Amino acid sequence: MSLASFIQSATLESLEKLYGVRFTEKDFQVSMTKPEFKGDYSIVFFPLLKALHKKPEDLGNELGQKILELNPGTFFSFNVIKGFLNLEFSDGILNEFLHTKYNNRQYGFSDPKGETVMIEYSSPNTNKPLHLGHLRNIFIGWSMSKILKANGYDIVKTCIVNDRGIHICKSMIAWKLYAEGATPDSTGTKGDHFVGDYYVKFNEVYQQQMQELMAGGMDKKTAEREAPVMKEAQDLLLKWESGDKEVRALWAEMNGWVYKGFDTTYNRIGVGFDKVYYESNTYLLGKKYVQQGLDNGVLFKKEDGSVWIDLTNEQLDEKLLLRSDGTSVYMTQDIGLAAEKFQEYPLKKSIYVIGDEQIYHMKVLKAICRRMNFPFADEIYHLSYGMVELTTGKMKSREGTVVDADDLIDDMIKTSAEQTAALGKVEGSTDEELSKLYEILGLGATKFYLLRVDPKRKMVFDPKDSIDFHGFTGPFVQYTYARIKSILRKANVSVEEFNYDISSETLLPLEKQLILQLETFESAVSESGSEMNPSIIANFVYGTAKQFNSFYTEHSVIQAENQAKKNLRLALSIMTANTLCSGLKLLGIQVPERM
RNA sequence: GGCCCCGUAGCUCAGUGGAUAGAGCAACAGCCUUCUAAGCUGUGGGUCGAGCGUUCGAAUCGCUCCGGGGUCACCA
C-alpha cells in the first residue's frame with residue numbers, strides 16, 4: 001500500500017474512532033505537502049468541518065493526535081494550518097521502506113490478474129513509409145502495453161495492416177508504368193520507401209493529367225474521375241477484388257517489400273506485435289453482422305439497396321454500412337474485426353491507439369456494437385492521441401513536409417553521437433559499444449520527447465528541441481542512471497550482492513525527499529495504467545532523476561560520514577537506479593551503463 | 001451549421017476542487033584539484049483566453065462569449 005493510501009485509511013479509521021462517523025475517501029484529500037510547509041503529506045480536511053461542526057484547529061489537532069496514537073512509530077510529528085493537517089513520517093518507516101524495496105526489481109509492478117487486454121497500434125497503410133505521426137502512435141502503444149503489463153494484465157499487441165484498397169493500387173499502377181522492373185534490391189532502396197516513391201509518382205502523374213483535362217475544358221470533379229492513371233488504378237482494384245492472378249501477384253510482391261521495410265524500422269525502434277491482422281483477410285468479416293442486423297431490425301435498407309444504421313437519437317448521424325452495390329465500407333470491416341478479436345482472445349478490454357481525427361468514427365463503432373448487442377461493446381476503448389505538428393504547422397504529404405520516421409531516427413542517433421563525442425567521456429569504448437550507446441541515447445531522446453506529453457493533446461515537434469539532451473529529456477534521465485552505475489563501480493558494489501542492513505541513521509532532507517519520491521512509483525504505474533497515459537511515467541522518472549541529482553550534488557555516497565550512512569546511500573542509489581530503469585522500460589527506453 | 005477537443009511564463013509542456021500556479025528551453029548570475037558539469041544552485045518572467053456563476057476555497061466545476069483545431073463521405 002502506498003503511503004498516500006495508508007494515510008487515507010488511517011484517516012478514515014481515526015475519524016470513525018473519534019466521532020463515530022464513517023466517511024469515504026472522497027470526503028477529504030491527501031496530497032504531498034508543499035515544500036514551504038513542515039511535513040511530508042497533508043490531509044485537506046476542509047470538507048469535514050461542516051459535517052462535524054468543528055473548528056479547523058480542533059479537528060486538525062484531534063485528528064492528528066488520533067492518527068499518531070493509532071499508528072505508533074509511523075509518524076514523527078504533525079502540525080495544523082487552517083484546514084490542512086500536515087504529517088511527517090518517522091525516519092524508521094521510510095528506512096524500512098527502503099530496506100524492503102531497494103533491490104526488488106519488481107517494485108511498482110502488480111501480480112498477474114489473469115485478465116487479457118489487447119492493444120492495437122501502428123496500423124499503417126502499405127503505400128508509404130512510416131512517419132513522425134506513426135512514431136507517436138507506436139511509442140504510445142508500446143509503452144501502454146508495458147504499463148498495462150506492469151499493472152498485471154496479459155497483453156496481446158496487435159496491428160491491422162491496411163494492405164488492400166485504392167492506395168496500394170496507386171503505387172502498383174505507377175510501378176507498372178514507370179519502374180521498368182526495378183525492385184528495392186536492384187535500386188538499393190528500403191522497401192517501404194521504394195513503394196512510397198511510386199505512390200508519390202502516381203500523384204505527380206495524376207495531378208498533371210488532371211491539369212491537362214481541365215485545360216481542355218473539363219470540370220475538376222470529372223477530371224478527378226477521368227484521369228487515365230486513376231482509371232487504371234480503379235481497374236487494378238476491381239481486378240484485385242475479382243482475384244485476378246497477375247494483379248494479386250504484383251500486390252503480394254509490393255506489399256512484401258513494404259513489410260520488409262516496416263520490419264526493419266520496427267526492429268530498430270524495438271517494438272513488435274503478437275498478432276498481425278491483414279485487412280485483406282478481415283475486410284469481409286463484417287458483412288455477416290450486417291445481415292444479422294437487418295434480420296433483427298437494428299439496421300435498415302434504403303430504396304437503392306444500401307444498408308444504414310440510424311444513430312441520430314444519440315447525437316450521432318445515420319451511418320452507411322453497406323453500399324448500394326453490396327460492398328462494405330470501413331465501418332463494416334471494423335465491426336467484423338472488433339468481433340473477431342473477442343472471438344480469438346478472451347479479452348477484458350480491446351484498446352485502439354488511433355489519432356483523434358477518428359474520435360467520431362470510434363464513437364460510432366461502439367454505438368453500433370452496442371445496438372447490435374455485442375457483449376464486448378463497452379470494452380472497446382479508443383486511446384486517441386493528438387496529431388504531431390511542426391513548428392511550421394501541420395505535416396502535409398502533398399507539401400512534402402512529412403517527417404520520415406527512418407530519417408528522424410537516423411538524425412537522432414547521429415546527434416547523440418556528436419554530443420557524446422563533444423563531451424569525450426566514453427573514451428576507451430569499442431566501436432560496437434559506442435554505436436550501441438548512440439542508439440540507446442538517440443532512441444531514448446526520441447521516445448521520451450514523444451511520450452512526455454499527454455497523448456490526448458496534440459503536440460508540436462520542434463527539431464531544435466528534440467535534439468536537446470538537457471532538462472526534461474530522455475538522455476537526462478539516462479545520464480542520471482549512468483552516474484549512479486559509475487558510483488557503484490567506484491564503490492566496488494555489485495547490485496545483486498549488496499546487502500543493506502537497515503540502519504537507524506537520521507535521514508537528511510535530501511535523502512528523505514528521494515525516498516518519498518521513489519515511494520510514488522507504484523501509484524505512477526497504476527495511474528498511468530488507469531489513465532492510459534505514459535506521460536505520467538515520463539514525469540515520474542524525470543522528477544526522480546532530478547531529485548537524485550540534487551542529492552548527489554550535496555552528499556557524497558562513497559565519502560559518506562560513516563559506514564552506516566554510506567550503506568544507506570548505496571541502497572538509495574541502487575533503488576534509484578532500479579526504479580529509473582523500470583520506469584524507462586515502461587516507456588520502451590533502455591539505459592546505458594556509462595555515457 | 002451540429003457534435004467533440006484545446007487555450008497556463010517569450011517557446012514547449014505539468015498541474016483538473018485546496019496553501020504564495022510549477023518544470024524544461026531561452027535570458028541572466030554563481031558552482032568542476034572532491035562519486036561523470038548531458039549536472040547543481042539562484043534571479044527575472046503569469047489579468048491561468050474574457051466575463052458571469054457555484055463553493056469556505058476555482059487554472060480545475062457550470063453557463064455565455066472570443067480565438068484555434070478536429071469531425072459530420074455510397075473515401076480509405
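Every chain is numbered from 1 and lettered A, B, ... according to where its sequence line falls, protein lines coming before strand lines. It should be emphasised that the depicted structure is a prediction, and the values quoted were computed from it without experimental measurement.
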_Please tell me if Lys50(A) has a side-chain N or O lying less than 4.0 Å from either OP1 or OP2 of U55(B)._
no
Re U64(B): Watson-Crick or G-U wobble partner, both distances kept under 3.5 Å, found to be A50(B)
When rounded to whole Å, the CZ to P distance for the pair Phe548(A) and C35(B) reads 14 Å
Any strand, both distances under 3.5 Å, Watson-Crick or G-U wobble: G42(B) pairs with C28(B)
Asn86(A) CG to A19(B) C1', in whole Å, measures 9 Å
>> Applying a 4.0 Å non-hydrogen cut-off, can you work out what Lys490(A) is touching in the nucleic acid: base, sugar-phosphate, or nothing?
In response: sugar-phosphate
Quick one, Arg323(A) with Asp325(A), criterion salt bridge (charged side-chain N to carboxylate O under 4.0 Å, His left out). Give me CA distance, side-chain angles, the key distance, then yes/no.
CA-CA 5 Å; Arg323(A) 296 190 186 100; Asp325(A) 65 5; 5.1 Å; no
So, OP1 or OP2 of G39(B): does either fall under 4.0 Å of a side-chain N or O from His470(A)? yes
**Message:** Is it true that, when you exclude Lys301(A) itself, more than 12 heavy atoms of the residues, nucleotides or ligands shown sit nearer than 6.0 Å to its NZ?
**Reply:** no
*Taking only N and O in the side chain of Arg164(A), is any of them less than 4.0 Å away from OP1 or OP2 of A76(B)?*
no
Side chain proximity check, Trp251(A) to Lys239(A), heavy atoms < 4.5 angstrom
no
So is the aromatic ring of Phe472(A) stacked onto the base of A23(B), judging by whether the centres are under 5.5 Å apart and the planes are under 30° apart?
no
Exercise. Do we get Arg136(A) above Tyr385(A)'s six-membered ring, with its NZ or CZ under 6.0 Å from the centre and within 45° of the axis?
Worked result: no
Check your understanding: Within less than 4.0 Å of OP1 or OP2 of A76(B), is there a side-chain N or O belonging to Arg323(A)?
Key -> yes
Counting any heavy atom closer than 4.0 Å, what does Ala491(A) reach on the DNA or RNA strands: base, sugar-phosphate only, or nothing?
-> nothing
When Lys566(A), His555(A), Arg569(A) are each screened for side chain to side chain donor-acceptor pair (under 3.5 Å) with Glu561(A), the one that passes is Arg569(A)
* To do: Just do the salt bridge (charged side-chain N to carboxylate O under 4.0 Å, His left out) check on Glu593(A) and Lys436(A) with the steps written out, would you?
  => CA-CA 11 Å; Glu593(A) 291 305 300; Lys436(A) 180 77 192 149; over 6 Å; no
Regarding C32(B), purine or pyrimidine glycosidic angle vs 90° from 0 gives syn
Of G18(B), U36(B), C72(B), the nucleotide closest to the side chain of Asp317(A) is C72(B)
The Watson-Crick or G-U wobble partner of C3(B), with both key distances under 3.5 Å, is G70(B)
Which part of the nucleic acid does Lys464(A) contact within heavy-atom distance under 4.0 Å: base, sugar-phosphate only, or nothing? nothing
How about Phe476(A) and His470(A): do any of their side-chain heavy atoms sit closer than 4.5 Å?
no
Distance check: side-chain N/O of Thr553(A) vs OP1/OP2 of A37(B), anything under 4.0 Å? no
Next on the checklist: Mind checking if Tyr330(A) touches a base, just sugar-phosphate, or nothing, with heavy atoms under 4.0 Å?
Outcome noted: base
Ranking G17(B), C13(B), C40(B) by distance to the side chain of Gln29(A), first place goes to G17(B)
- Query: Rounding to the closest angstrom, what is the interatomic distance between C25(B) and A14(B) at atom C1'?
  - Reply: 14 Å
query: So what does Lys485(A) hit on the nucleic acid, given a heavy-atom distance under 4.0 Å: a base, only sugar-phosphate, or nothing?
result: nothing
Out of A19(B), A14(B), A76(B), minimum distance to the side chain of Val453(A) belongs to A14(B)
Reckon Thr480(A) touches a base, only the sugar-phosphate, or nothing at all at heavy-atom distances under 4.0 Å? nothing
Handout entry: Contact under 4.0 Å: Lys363(A) side-chain N or O vs U71(B) OP1/OP2
Key = no
Rounded to whole Å, CZ of Arg594(A) lies from P of G39(B) at a distance of 20 Å
Within 45° of the ring axis of Tyr552(A) and under 6.0 Å from its six-membered ring centre, is that where the NZ or CZ of Arg483(A) lies?
yes
*What is the nucleic acid contact for Val460(A), judged by heavy atoms within less than 4.0 Å: base, sugar-phosphate only, or nothing?*
sugar-phosphate
* Scan Asp462(A) against the nucleic acid and name what it touches under 4.0 Å (heavy atoms): base, sugar-phosphate only, or nothing. => nothing
Practice prompt. Determine if Phe84(A) stacks with A19(B); use a centre-to-centre distance below 5.5 Å and an interplanar angle below 30° as the criteria.
Written response: yes
When you check the phosphate oxygens OP1 and OP2 of C40(B), does a side-chain N or O of Ser550(A) lie under 4.0 Å from one of them? no
### Task
Could you tell me whether the side-chain ring of Tyr552(A) sits stacked on the base of G39(B), using a centroid cut-off under 5.5 Å and a plane angle under 30°?
no
Is Phe476(A) touching bases, backbone alone, or none of the nucleic acid, heavy atoms closer than 4.0 Å? sugar-phosphate
For A14(B), does OP1 or OP2 lie under 4.0 Å from any side-chain N or O of Arg457(A)? yes
Here the distance between atom C1' of G2(B) and atom CD of Glu314(A), to the nearest Å, is 15 Å
Next on the checklist: Is the phosphate of U20(B) approached by Lys34(A) (side-chain N or O, under 4.0 Å from OP1 or OP2)?
Outcome noted: no
So does Lys458(A) get a side-chain nitrogen or oxygen closer than 4.0 Å to the phosphate oxygens (OP1/OP2) of G68(B)?
no
When rounded to whole Å, the CZ to P distance for the pair Arg452(A) and C13(B) reads 8 Å
Is the base of G39(B) stacked against the aromatic ring of Tyr479(A), taking ring centres under 5.5 Å apart and planes under 30° as the test? no
Using Watson-Crick geometry (N1-N3 plus N6-O4 or O6-N4) or G-U wobble (N1-O2, O6-N3), each under 3.5 Å, G18(B) is paired with C56(B)
